[in-house]
Each structure stands twice: as C-alpha cells, then as structure tokens.
Amino acid sequence: MRYGHFDDANREYVINTPETPLPWINYLGSESYFGLISNTAGGYSFYKDARLRRLTRYRYNNAPLDSGGRYIYLRDNNASSDSARVWSPSWMPARTPLDFYECRHGMGYTLIRSKLNGIEAQTKYFVPMGENLEIWELTLSNKHDTVADVSVFSAIEFNLWDAMDDSTNFQRNYSIGQVEVVDDVIYHKTEYRERRDHFAYFACSEKLTGFDTQRESFLGSYRGWDHPKVVEAGESSNSIAFGWQPIGSHHIRVQLKAGEQKKIIFVLGYHENPKDAKFDPPESQIINKRTVLPIISKYLKPAEVDKAFEGLRSHWTNLLNKFQVNTPDEHTDRMVNIWNAYQTMITFNMSRSASYFESGIGRGMGFRDSNQDLLGFVHLIPERARERILDLASTQLETGGAYHQYQPLTKRGNNDVGSGFNDDPLWLVLAVAAYVKETGDFSILKELVPYDNKPGSEEALYGHLVRSIQYTLDRLGPNQLPLIGRADWNDCLNLNCFSDSPGQSFQTTTNKDGKVAESVFIAGLFVLAAKEMAELTKQVESQKSTHDLASQPSKYYLDAASSMEATVWKAGWDGEWFRRAYDDFGHVLGSKENEEGRIFIEPQGICVMADLGVEDGRAQKALDSVDVHLATPHGVVLQQPAFSKYYLHLGEISSYPPGYKENAGIFCHTNPWIMIAEAKLGRGDKAHDYYLRINPSAREGIGDLHRCEPYVYAQMIAGKDAATHGEAKNSWLTGTAAWNYVAITQWILGVRPTYEGLQVAPVVPAGWDSFEVLREFRGVRYSIKVERSGAGNQVKLEVNGKAIDGNIIPLPTDGSKEVRARILLS
Ligand code: BGC
Ligand code: NOJ
C-alpha cells in the first residue's frame with residue numbers, strides 16, 4: 001500500500017494520510033538551528049547540539065510513538081457538534097478525523113494542509129537561511145458561506161536545555177522553570193539567571209486573546225495533549241510558569257468572512273546575549289530584548305516570510321543542481337536528483353545524533369561515519385567538507401589511530417568510547433582523496449593539523465594520512481592480516497570483547513589483549529586506501545607546491561597494497577568467497593568451515609572494490625556467491641547462516657535475533673559496496689538490480705511491509721531469517737545515504753571525479769538506450785549525454801564535438817565554464 005506519492009517537480013513527498021505505519025519525518029534547518037518534524041507535526045528543535053541546547057521537549061519511545069511537537073489546535077466556536085468543535089490541523093495530537101489531510105515534506109520545509117468544518121488550514125514550517133529560528137506560517141481559509149469564528153491555539157513544551165538532564169533530574173527541574181511574557185511574546189529563560197546566555201522565544205503575528213506557559217494549567221490535570229482543557233473551554237488561563245513544565249501557547253481568536261483567508265505567523269527561536277548584557281535594566285532579572293526584538297518583528301511580517309522561504313528554495317535548487325540526471329528509471333532520477341542528495345546533507349548536519357531512532361543524547365560524531373558521509377556530500381559543499389576533514393584529523397591520535405567519536409560542540413575526542421577500532425584511520429585516507437579529486441585543492445594536504453587537539457603536535461594533513469596507513473602496518477596478526485581491535489566497520493563483530501555481564505558496552509569492553517583476532521575486511525580496506533594513497537602521493541610528488549610532503553615514494557604504498565593483497569589470497573580467500581576474520585583462538589570466520597556465519601557481505605564488497613580478483617575471475621566467484629547465499633528480493637543480507645545463539649567470542653553480532661541488524665539483517669550500508677563491485681566487473685544489470693532492491697522510492701508500493709519513509713534510506717531492512725523480512729528500521733542517519741549515492745552516481749552512471757578531470761565510465765543496464773548527466777565540477781558545468789550503440793561498457797568520448805582518447809573529460813584550459821560531452825557506449 002502507498003501512503004502518498006512523489007511530487008518530483010516540487011521536490012516534495014506528499015503524504016495523504018496522517019496514519020502512516022511509522023512517523024514519516026523531515027528535517028528543518030541546515031546551519032545552526034535544526035528541527036525534526038513528522039507528518040503530524042511531531043518532533044523538536046535544537047540549536048547546534050541535540051543534547052545540550054534542546055529547545056523543545058520530545059518523549060522518545062512513547063505511546064503514541066510520536067508525542068510532542070509543533071502543535072496547533074483549532075476550535076470552531078460556531079460548531080454545533082462537540083466532536084467536531086476542536087481539532088488539530090496536523091491531526092495529532094487531537095486526532096479528530098479530518099475531511100482532508102495532506103503533508104508535503106520538501107527540502108528543508110514541511111507543509112501540512114487539512115480541512116474540517118469548512119475551515120481549511122495550511123501550516124508551512126521552515127527555518128530561514130542564516131537565522132536561529134523557525135517559522136510556522138498558518139493560513140486559514142473559511143470555505144463556509146457564513147462567518148467563521150475560530151480560536152487558534154499554538155502549543156509547544158519547552159525543554160530545559162540539556163535533554164539528558166531534562167528527562168532525569170526532576171527533583172531540581174520541577175523548581176527551575178522560568179518564563180516572561182512581554183508584548184505577546186513568550187520567552188523561555190530557565191537557567192538564564194545564572195550560567196546560560198541564551199533563551200528561547202515564541203512569538204505570534206496577531207494580538208493575543210490569551211496565552212499559557214504552565215503546562216498543567218493548559219492541559220488540566222490528568223489530561224494529555226490530545227484534549228487540553230483550555231482548548232476545550234476556548235479560553236486560555238494566562239498562566240505564568242513557576243517551575244514544573246514551562247510551555248508556550250498563544251490563543252488567537254479570528255473572525256473569517258465567507259471565503260476569507262488569513263495568515264498567522266508563529267516564530268520560535270533561540271537567541272544569545274553577551275554575558276555582560278543579559279539583563280535590561282542591567283541590575284534586573286529581565287531579559288535584555290534589544291537585539292532579539294528586531295529579529296522577531298522582521299519574521300512576523302508575511303512579506304519577509306515569503307522572501308525567506310524563497311531564499312530557502314533557491315538554496316536547495318542551487319545545491320541540488322550540482323548533479324542532475326535524466327535516465328530511463330524514475331527511481332534513479334528521483335533519488336539522485338532529490339532525496340538521496342538531500343539525505344547526504346542531513347547526515348552531514350546530524351551525523352548519527354538526532355532522528356526518530358537516535359535520541360540526540362547518545363552518540364557524538366563518528367570518525368568512521370563522518371569520513372564516509374563526506375563521500376556523498378563533498379561535491380555539494382566542498383568548503384564545509386574541508387572544514388570537516390580538518391576537524392576529524394585533529395582528533396586523530398599520534399599513533400595514527402583515532403578516537404572513535406568526537407563531540408561536535410567541543411570538537412574533542414570522546415574519552416568514554418576511546419579508540420582501537422582498527423579500521424577508523426583508513427577512512428580518513430578515502431575522504432581526503434575524495435575531497436582533493438573533487439576540488440583539486442592540494443593545499444589542504446599542507447594544512448597543519450594537531451593530534452588529539454594538542455597544541456604543539458601539528459603536522460601537515462598529508463602526514464596524518466601517512467600515519468593512518470602505518471597504523472595498519474604496525475598492527476598485523478599471526479596471519480599478517482590486520483588486527484581487528486575493538487571492531488572494524490562492523491561495530492558488532494567484537495572478537496576481543498568476551499562480554500558476559502549485562503550492561504557492558506560491546507564496543508568498549510575488551511577482555512582479550514587483541515593480538516590474535518584479525519580482519520579480512522580491514523585488509524581489503526587497507527588495499528583500497530593504500531592504492532588511493534599511492535595515487536595521491538604521485539600527484540603530491542608531481543606538484544611543486546607539495547612535492548616535499550611525500551616522505552615515501554608512491555611505490556611504497558603500491559608495494560604495501562600488493563603485499564597485503566598477497567596475504568588476503570593466502571589467509572583470506574576461502575575458495576568461493578573472501579573470508580571475514582580470524583577470532584581470538586585463531587579460528588576462521590566467514591568460511592565454509594563455519595556452521596553459522598559462513599559468508600559475510602563486507603569482505604566481498606570491499607575486496608572487489610580494491611580490485612582483488614577482478615582480473616582472474618575470483619572476484620566474480622565471490623560476487624556470484626553473494627548472489628547465491630546472501631541476496632534476497634529486499635536486498636543483500638549481511639551474513640549467512642544467521643547466528644542462532646550468543647557466541648561469547650563473537651560479541652554483539654550474535655546478540656541480535658536472526659535477521660536483524662548486524663546478525664544477517666540487510667544492512668543497507670554494505671549493499672552499495674556490492675553494487676560498486678558488480679560495476680567493477682562490468683555487470684550493469686546486476687549492479688542496478690541490487691540498487692533497486694533497497695531504493696526507497698522503488699519500495700514505495702510495499703509501504704505496509706517497509707514501513708519507514710519511502711523517500712530516504714534506512715540503516716536496515718530485516719533479513720530473510722527475520723519474522724518481518726522486508727521491514728525497514730532506523731531511517732535517515734546512516735552511511736547508506738552516502739554509499740548509495742556514490743554507487744549510483746560514480747560507478748553505475750559512472751561519472752566520477754579524478755585528479756585529471758571528470759571520468760565517465762558508465763556500467764548501466766543493457767536496456768538503457770541513453771541518459772544525461774549535468775554535473776558541476778571545479779566550477780565548470782558539464783552536460784554529458786550517454787548513448788548506447790552496443791550492449792557493453794566501452795566508452796567513445798567526444799568533448800565539445802571533438803573525439804578524445806580514454807574516458808576522462810579534461811578540465812577546460814581556455815577558462816570556459818561549460819563543457820558538453822557525448823559518450824557512445826558499445
Ligand atoms: C549497533 C551498531 C552501531 C553501534 C554503535 C550497535 O548496537 O548495532 O549498528 O554501530 O551500536 O555503537
Ligand atoms: C552503525 C555505525 O554508525 C557504523 O559506524 C557501523 O559501521 C555500522 N553501524 C555497522 O556496525
């Protein structure tokens with residue numbers, strides 16, 4: 001069943017029932033102020049850090065699941081029947097049945113429209129570019145032929161800033177809540193009296209009939225948000241919160257003539273004052289509003305709101321125009337042109353912090369995650385990618401290892417989680433190479449970057465990469481394969497953990513000295529990274545401004561790659577596929593010798609991506625084994641057979657019931673590795689077939705089974721061993737976004753940046769006659785038209801009408817900003 005449809009022209013997903021299988025959400029904001037918003041206006045907002053600067057309260061894992069949000073209630077003061085008198089135009093929280101409902105999630109905004117009792121309501125929620133506030137623009141239209149008398153109530157619940165503390169420390173929190181209500185603006189100023197320099201405000205464009213700031217005065221005791229006492233009575237209680245739970249609610253009473261329309265604007269925002277100018281008058285406890293009032297009054301004007309919305313629209317149009325495709329497949333087009341690119345930007349903003357599956361109080365920014373995310377968005381925001389790389393590298397340790405996570409607010413490595421995930425440093429090499437290929441900016445390699453943020457330890461970024469590579473070489477095990485440490489990409493393969501007590505973290509509990517367990521996955525990743533390093537070093541050596549950076553010749557890294565490759569063939573090849581690991585007892589995992597966990601997806605993907613066995617047929621064997629043992633109609637599962645019980649020596653992977661998460665779930669992050677591997681073998685039909693199996697748009701028709709949003713990737717789809725095979729979980733914040741984007745754009749459509757220019761090497765389905773790509777690359781617009789004259793992947797290239805050898809479109813030397821390329825595939 002479908003719960004909506006795509007409106008590609010407007011870059012929106014249109015949901016036509018509020019009762020989606022799960023809340024289907026969107027994100028507001030892309031700089032410092034952010035919000036999550038569901039299709040029924042659920043969600044919350046925060047400034048920069050979802051844990052430490054939470055503006056509004058949200059209760060995770062609640063019943064109903066999606067509780068708390070940007071709520072509006074309407075009360076038809078003329079209605080005769082009680083049941084229809086009060087409703088929420090976003091359906092939640094009142095859940096009064098509506099005559100019409102529609103939610104449009106767009107790029108950085110959400111629009112909810114509904115109709116009841118002849119009153120049409122449309123609310124547009126968005127965050128203007130450059131501002132720390134969100135706008136709710138409510139448009140009411142009276143479709144009656146008589147005058148309508150409507151009471152509008154807004155409602156949010158303030159969070160007392162630190163979301164973790166807010167949900168635990170009630171003995172204090174119930175006494176600290178403070179607000180001000182001045183000139184119809186509600187200010188939330190809990191803790192402003194002492195150490196905070198920030199407050200929140202909630203304003204409305206209309207003269208208020210009343211307001212509330214104390215939750216229970218608004219709801220009434222023993223009532224929920226579905227049925228507030230104040231709304232039922234049609235009268236606010238003008239409450240001022242002293243402790244307990246401060247909220248913000250405006251009441252506006254409007255008379256609408258037949259056919260009349262009215263806009264009401266609400267502005268919810270975050271504001272900081274200088275520490276020495278917090279109060280006005282200075283010796284008082286009253287918020288100094290001098291700098292905030294101009295902002296508030298600006299955005300209460302409809303013309304300014306329209307302007308800000310146009311600004312947001314053009315921001316996204318400009319961003320997404322950097323890569324547009326037109327192919328025979330609508331799911332490819334819509335994901336590449338709109339939603340997949342959008343999701344990579346959301347992962348840039350959020351990392352793994354705040355979604356409907358990540359509470360915003362848990363994880364910091366992952367070193368491994370952020371480096372991979374960058375592969376997806378580097379062409380959209382190269383300057384911010386540069387900054388991200390430098391932040392990440394500053395948390396690297398002198399050993400070449402890395403803190404597994406860092407905190408975005410402090411940009412410091414997280415000591416609780418620590419380091420020792422032995423794949424981590426290698427991802428930095430891939431991220432930096434991708435950045436330099438995209439931008440041609442070699443200067444980043446010379447940036448002086450500290451280790452562990454310690455002043456005095458600075459070294460050129462290139463030196464960090466040298467240490468990343470060396471880190472693996474310094475940590476080889478009994479088979480000369482890389483030691484796995486706490487875990488490699490698979491956080492749940494904890495071969496040194498041996499955890500038998502509840503509550504221990506699988507990732508950080510280490511009960512073995514870690515000198516035996518080895519990872520074939522890291523070996524494959526190492527070959528890939530060392531080859532990238534060799535290529536980068538060749539460039540570094542050849543450029544005047546960088547040649548003195550290279551401490552080792554490029555050949556050093558090629559040799560390291562080949563020697564690791566030889567080791568993989570010796571200890572990591574099982575005959576039909578690549579093995580996964582060796583455990584702490586030196587026993588193999590991911591081999592025909594195993595009863596459970598005989599074959600894993602990750603080494604098949606990464607080793608073939610590193611070109612292992614591509615020439616001699618072994619890569620093909622490995623991928624054919626993937627097809628036979630791991631592929632399902634819903635995607636490729638992580639391993640088989642699933643672990644039927646907990647194996648102390650394997651760790652978290654075997655803690656999940658079969659078919660879920662890392663225990664044989666379809667872990668979508670890894671599927672694009674197989675797509676890329678298939679493309680390496682030239683098998684376009686297979687690569688694209690795998691692409692479509694997990695493509696959310698292609699799964700739209702099975703919404704009842706898939707359940708998550710059909711416009712973004714989820715981390716996992718339940719595998720074939722699960723009771724709910726095909727059910728997705730953990731949408732939005734996943735490396736799946738970046739890797740699918742890379743797989744489809746760079747390896748299937750085949751348009752990829754290289755140091756020399758834009759390479760075009762499509763490996764598309766045989767049935768595709770032609771497709772077009774518009775790609776901005778180093779400030780030049782490339783229009784690329786690919787046509788088929790045969791079923792293979794041979795490329796004949798013409799640039800601006802002239803035939804060129806090879807498949808790389810060179811950068812224009814005459815300063816032109818437009819290049820046309822035609823490719824004949826045969
Ligand atoms: C999850 C992994 C995740 C890890 C992060 C585990 O419980 O299954 O997917 O990477 O937690 O700490
Ligand atoms: C999610 C984590 O964010 C990522 O770092 C890890 O690679 C995967 N889970 C697999 O365990």
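Counting starts at 1 for both ligands and their atoms, in listed order. Computation of the quantities below employed the complete heavy-atom set of this structure, encompassing side-chain atoms and omitting hydrogens, waters and symmetry-equivalent molecules. The shown structure was predicted, so the numbers you read here are calculated from the model rather than taken from an experiment.
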| query | What atoms in ligand 1 come closer than 4.0 Å to a heavy atom of Gln715? | reply |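 What qualifies from ligand 1 is 9 (O).
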| task | Check each heavy atom of Phe506 against ligand 1 and say whether those closer than 4.0 Å belong to the side chain, the backbone, both or neither. | result |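 Under 4.0 Å from ligand 1, Phe506 contributes no heavy atoms.
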Among all protein heavy atoms in this structure, tell me which lies nearest to [atom], with the distance rounded to 0.1 Å.
{"atom": "atom 1 (C) of ligand 2", "result": "Gln715 NE2, 3.5 Å"}
{"atom": "atom 11 (O) of ligand 2", "result": "Glu662 OE2, 2.5 Å"}
{"atom": "atom 7 (O) of ligand 2", "result": "Trp489 O, 2.5 Å"}
{"atom": "atom 4 (C) of ligand 1", "result": "Asp491 OD2, 3.8 Å"}
{"atom": "atom 5 (C) of ligand 1", "result": "Arg363 NH1, 3.6 Å"}

Using the six-membered ring wherever Trp is involved, compare the ring planes of [X] and [Y] and label them parallel, tilted or perpendicular (cut-offs 30° and 60°).
{"X": "His404", "Y": "Phe421", "value": "parallel"}
{"X": "Tyr711", "Y": "Trp339", "value": "tilted"}
{"X": "His649", "Y": "Tyr647", "value": "perpendicular"}

| message | Regarding atom 4 (C) of ligand 2: of the candidates Ile653, Asn490, Asp369, which has the closest heavy atom? | response |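 Looking at heavy atoms only, the winner is Asp369.
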| Salt bridge check: are Arg412 and Asp391 linked by an N-O gap of less than 4.0 Å? |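 No salt bridge links Arg412 with Asp391.
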| request: Could you tell me whether Arg54 and Asp162 make a salt bridge, using a distance below 4.0 angstrom between a side-chain N and a carboxylate O? | output: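 No, Arg54 and Asp162 are not salt-bridged.
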